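Every value quoted in this text rests on a predicted model; they were computed, and no experiment measured them. Chain letters run A, B, ... following the sequence lines, proteins first and then strands; every chain starts at 1.
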There are 2 protein chains.
Amino acid sequence: MPATPSATADPHRPDAKPRRRVGRPASAVLDQEGITAAALRLVRKSGYDGFTMAALARTLNVAPSALYNHVSSKRDVLVLVQDHLTSFVDVSAFETQPWDQAVRDWAWSYRDVFARHTPLIPVIAVLPVADAPKTLAMYEAVSAGFRRAGFPQERIIPAIVALESFIFGSAYDVTAPADIFDSGSLGAATPNFSAAVASLGDQGYTNQADVAFSLGLEALVAGFGALRS
Amino acid sequence: MPATPSATADPHRPDAKPRRRVGRPASAVLDQEGITAAALRLVRKSGYDGFTMAALARTLNVAPSALYNHVSSKRDVLVLVQDHLTSFVDVSAFETQPWDQAVRDWAWSYRDVFARHTPLIPVIAVLPVADAPKTLAMYEAVSAGFRRAGFPQERIIPAIVALESFIFGSAYDVTAPADIFDSGSLGAATPNFSAAVASLGDQGYTNQADVAFSLGLEALVAGFGALRS
DNA sequence: CCACTAAATGAATGCCATTCATTTGTGACG
DNA sequence: CGTCACAAATGAATGGCATTCATTTAGTGG
């Protein structure tokens with residue numbers, strides 16, 4: 001039975017000094033699961049700017065170099081976090097709902113999860129699925145839903161990829177500042193754009209991001225729905 | 001007449017030593033335009049990994065600290081590069097083609113430009129338009145095209161945002177490795193996904209990215225086209 | 001003519017990911 | 001039961017990075 005990684009960390013006292021003597025400890029302090037959990041906790045608390053290998057090591061009460069016995073790089077840790085987060089994406093609707101509603105539920109859930117983790121998007125987008133088992137499981141659930149809905153085999157992956165691209169791009173929108181469309185002093189030179197922006201009213205940008213996401217998602221669902229046989 | 005930034009750099013000889021004496025030079029060596037051009041050249045040659053303030057300074061034959069008289073951070077340089085690149089996006093079809101074809105031409109052009117510059121996407125996606133005049137000009141041209149095509153004012157921005165989200169996400173796909181969907185040893189556990197992947201044949205991934213982009217784009221064009229009055 | 005400011009240098013600063021030598025414990029093999 | 005390979009920790013480098021600051025020099029406005 002491997003030691004639970006929290007066994008040596010005491011969250012009550014902020015002593016935090018790595019008071020462990022040199023050499024292999026009696027029972028292992030670290031493992032990938034513990035590193036992943038600590039990384040996610042750290043990101044939630046300090047954001048991706050505050051997420052450094054040194055800070056991660058500190059929360060685990062360990063020297064930074066110890067991490068490299070379990071992961072080979074910081075990117076490796078991000079991959080672990082990414083895959084873990086993917087398990088929070090809700091694919092259950094593919095079992096319980098008609099195809100179009102299942103896609104909606106999945107897409108919103110997927111966007112919401114990664115809107116809080118946009119620095120992972122460049123990592124996910126080019127990550128081989130073999131390196132991320134939980135992500136692969138999500139694809140399997142979605143693919144199965146598409147097949148049951150009558151999609152021709154060779155359209156399933158392109159449709160999922162297109163949806164995913166839209167989802168990733170939309171995740172960034174959620175985090176954009178509210179005044180992103182204020183043209184400032186240049187507004188006079190862009191009458192059409194400015195008028196279009198003015199017609200939006202002054203809902204928060206998150207809401208605006210939701211409007212755009214909904215609009216695009218409905219178009220994709222409608223367009224792809226027509227492919228079913 | 002300000003000095004052209006290439007005047008002091010000799011691309012024939014790789015001497016490269018910043019042999020300039022301390023103190024303000026007779027005529028300014030740097031300006032934002034020159035920095036932007038050099039940054040783009042550097043990125044094309046060395047990629048975003050090789051793009052450091054020190055390397056940029058070296059190509060300009062200048063000490064790194066000199067850059068900070070003209071930009072306030074590395075991010076600032078990236079914003080300059082981003083805005084410059086946006087002027088390469090082709091919006092001319094909005095003047096010459098019917099709306100649907102104009103959107104296609106613009107979207108493909110936009111994707112192709114930023115597929116080679118994906119590290120800029122996190123910057124663009126949350127950048128206020130007021131900080132990027134050429135980007136603003138692109139939005140104006142696109143907005144005008146949508147208005148002329150009969151879009152209701154308040155749908156124009158959401159539609160453009162949705163298209164842009166799809167475009168940014170799709171730009172990442174272009175750069176993904178060819179074997180991104182190989183499930184390796186886990187393939188047995190994901191029959192639906194594996195079958196869908198197998199049905200794709202073995203075209204390169206760039207082509208696969210094009211298939212997905214085309215599929216999604218057509219769905220969005222069709223869906224948004226229905227909004228016109 | 002003089003003060004101010006702009007634009008360069010070069011020397012720090014502090015942070016970061018990563019590597020390496022070293023120490024110590026564990027488990028497998030003979 | 002001993003020893004030997006390996007696993008897992010420490011702590012001290014290493015080299016690179018963006019950025020800052022004091023300093024120097026040169027134009028510019030009053």
Let me know the distance between [atom1] of [X] and [atom2] of [N], rounded to the nearest Å.
| X | N | atom1 | atom2 | answer |
| --- | --- | --- | --- | --- |
| Met53(A) | dT10(D) | CE | C1' | 16 Å |
| Leu56(A) | dT18(C) | CG | P | 12 Å |
| Asn61(A) | dG11(D) | CG | C1' | 15 Å |
| Leu60(A) | dT10(D) | CG | C1' | 15 Å |
| Arg58(A) | dT10(D) | CZ | P | 14 Å |
| Tyr68(B) | dT9(C) | OH | P | 14 Å |
| Asp49(A) | dA18(D) | CG | P | 15 Å |

Donor-acceptor pairs under 3.5 angstrom involving side-chain atoms of residues 179-190 of chain B: please list them, not counting sequence neighbours.
residue, atom, partner, partner atom, Å
Thr190(B), OG1, Gly187(B), O, 3.2
Thr190(B), OG1, Ser194(B), OG, 3.3

OP1 or OP2 of dA7(D) versus the side-chain N and O atoms of His70(A): is any pair under 4.0 Å? no

Proximity of Phe168(B) and Phe168(A) rings by center, below 6.0 Å: no

Would Phe166(A) and Phe166(B) count as a close aromatic pair, with their ring centres under 6.0 Å? no

Would you say the side chain of Asn69(A) and the base of dA7(D) hold a donor-acceptor pair, judged only by whether the two atoms sit under 3.5 Å apart? no

Can you tell me if Thr59(B) uses its side chain to pair, donor with acceptor, with the backbone of Leu56(B) under 3.5 Å? yes

Do side-chain atoms of Lys74(B) reach the backbone of Phe51(B) as a donor and acceptor pair under 3.5 angstrom? yes

Are Phe146(B) and Asn192(A) close enough, and set up right, to give a side-chain contact (heavy atoms from CB on, under 4.5 Å), and what steps lead you there? CA-CA 9 Å; Phe146(B) 274 59; Asn192(A) 287 283; over 6 Å; no

Mind checking whether Asp105(B) and Phe94(B) have side chains closer than 4.5 Å, heavy atoms only? no

Contact class for Thr52(B) vs. all strands (heavy atom < 4.0 Å): base, sugar-phosphate, or nothing? sugar-phosphate

Along DNA chain C (nearest heavy atom to each residue), the more 5'-positioned of Ala54(A) and Ala66(B): Ala66(B)

Gln82(A) side chain to Thr86(A) side chain, donor-acceptor N/O pair below 3.5 angstrom: yes

Indicate whether the side chain of Glu164(A) and that of Tyr172(B) have a donor and an acceptor atom separated by less than 3.5 Å. no

In numerical order, the residues of residues 71-78 of chain B whose heavy atoms come under 4.0 Å of DNA chain D are Ser73(B), Lys74(B)

Between dT9(C), dG11(D), dT18(C), which nucleotide gets closest to the side-chain atoms of Ala63(A)? dG11(D)

Scan nucleotides 23-30 of chain D nucleotide by nucleotide, 5' to 3', and note B when protein non-hydrogen atoms come under 4.0 Å of the base, S if they reach only the sugar-phosphate, - if neither. -BBBS---

